Amino acid sequence: MTSKTAKALTNAEKQQRYRERQKQSGKKELRGYLTQEALSCYQEIQQKTEWTDSVLLSNAIRLMYAAHKCGQVGILNSWLTEHKR
């Protein structure tokens, strides 16, 4: 009976391996800070949909792109301003 001892990975190493696997699968990590208005919108959407941060961000970017392609960004931005969102 032979006993091989493998070096345990640190949390940082595990995170790095996870990020590398995500990159290899074609995903990109985005980071940023939310304004108070955006944070309240985020919380409301997250509660109603129960989406993860990744799903919520992906859908938000896709919807923003669709609004851009349909020429609706100005209308949506006006609505957000009028409703203090």
Side-chain angles (χ1 to χ4, degrees):
M1 196 149 109
T2 60
S3 172
K4 293 184 180 181
T5 57
K7 180 184 170 191
L9 296 175
T10 65
N11 283 340
E13 291 170 327
K14 290 177 186 175
Q15 290 171 1
Q16 185 174 7
R17 288 178 63 193
Y18 174 78
R19 286 190 299 267
E20 288 300 319
R21 283 194 308 269
Q22 295 303 316
K23 284 181 187 176
Q24 289 174 355
S25 69
K27 296 180 180 175
K28 177 173 177 51
E29 182 179 9
L30 298 175
R31 297 180 188 214
Y33 295 95
L34 300 178
T35 63
Q36 287 299 322
E37 296 86 357
L39 184 58
S40 71
C41 294
Y42 160 81
Q43 290 168 338
E44 186 177 333
I45 291 169
Q46 203 281 326
Q47 288 173 352
K48 288 181 180 179
T49 63
E50 297 183 2
W51 289 343
T52 63
D53 286 351
S54 293
V55 171
L56 203 148
L57 180 60
S58 292
N59 286 340
I61 290 173
R62 292 173 60 233
L63 288 168
M64 187 67 191
Y65 178 77
H68 163 70
K69 288 305 237 180
C70 295
Q72 301 299 311
V73 173
I75 293 169
L76 293 174
N77 197 40
S78 295
W79 185 93
L80 289 169
T81 303
E82 289 171 13
H83 292 85
K84 298 182 180 170
R85 291 300 205 140

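The shown structure was predicted, so the numbers you read here are calculated from the model rather than taken from an experiment.
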- Query: What residue pairs, at least two apart or across chains, pass salt bridge (charged side-chain N to carboxylate O under 4.0 Å, His left out) with a residue in residues 47-68?
  - Reply: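 Qualifying pairs: Glu44-Lys48.
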I need the minimum non-hydrogen distance between [X] and [Y], along with the two atoms involved.
X	Y	value
Arg17	Leu9	NH1-CD1, 2.7 Å
Ser25	Gln22	OG-O, 2.8 Å
Arg85	Ser40	NH1-OG, 3.4 Å

- Query: Should the heavy atoms of other residues, nucleotides or ligands under 6.0 Å from CD of Gln36 be counted, would the total exceed 12?
  - Reply: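 Not more than 12 within 6.0 Å, no.
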- Check: Gln46 side chain, Thr52 main-chain N or O, donor-acceptor pair, under 3.5 Å: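 Not at all, since once roles are kept as given, no pair shorter than 3.5 Å links the two residues.
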Quick one: do [X] and [Y] end up in the same hydrophobic cluster if we chain Ile, Leu, Val, Met, Phe, Trp and Tyr together by side-chain heavy atoms under 4.5 Å apart?
X	Y	value
Val55	Leu34	yes
Trp51	Leu39	yes
Tyr65	Val73	no

Can you tell me how far [atom2] of [Y] sits from [atom1] of [X], rounded to the nearest 0.5 angstrom?
X	Y	atom1	atom2	result
Lys27	Arg21	NZ	CZ	11.0 Å
Tyr42	Gln47	OH	CD	10.0 Å
Lys28	Ser58	NZ	OG	12.5 Å
Lys7	Thr10	NZ	OG1	7.5 Å
Arg31	Leu57	CZ	CG	12.5 Å
Glu37	Thr81	CD	OG1	10.0 Å

- Show the numbers, then the answer: is there a side chain to side chain contact (heavy atoms under 4.5 Å, CB included) between Thr49 and Asn59? CA-CA 12 Å; Thr49 63; Asn59 286 340; over 6 Å; no
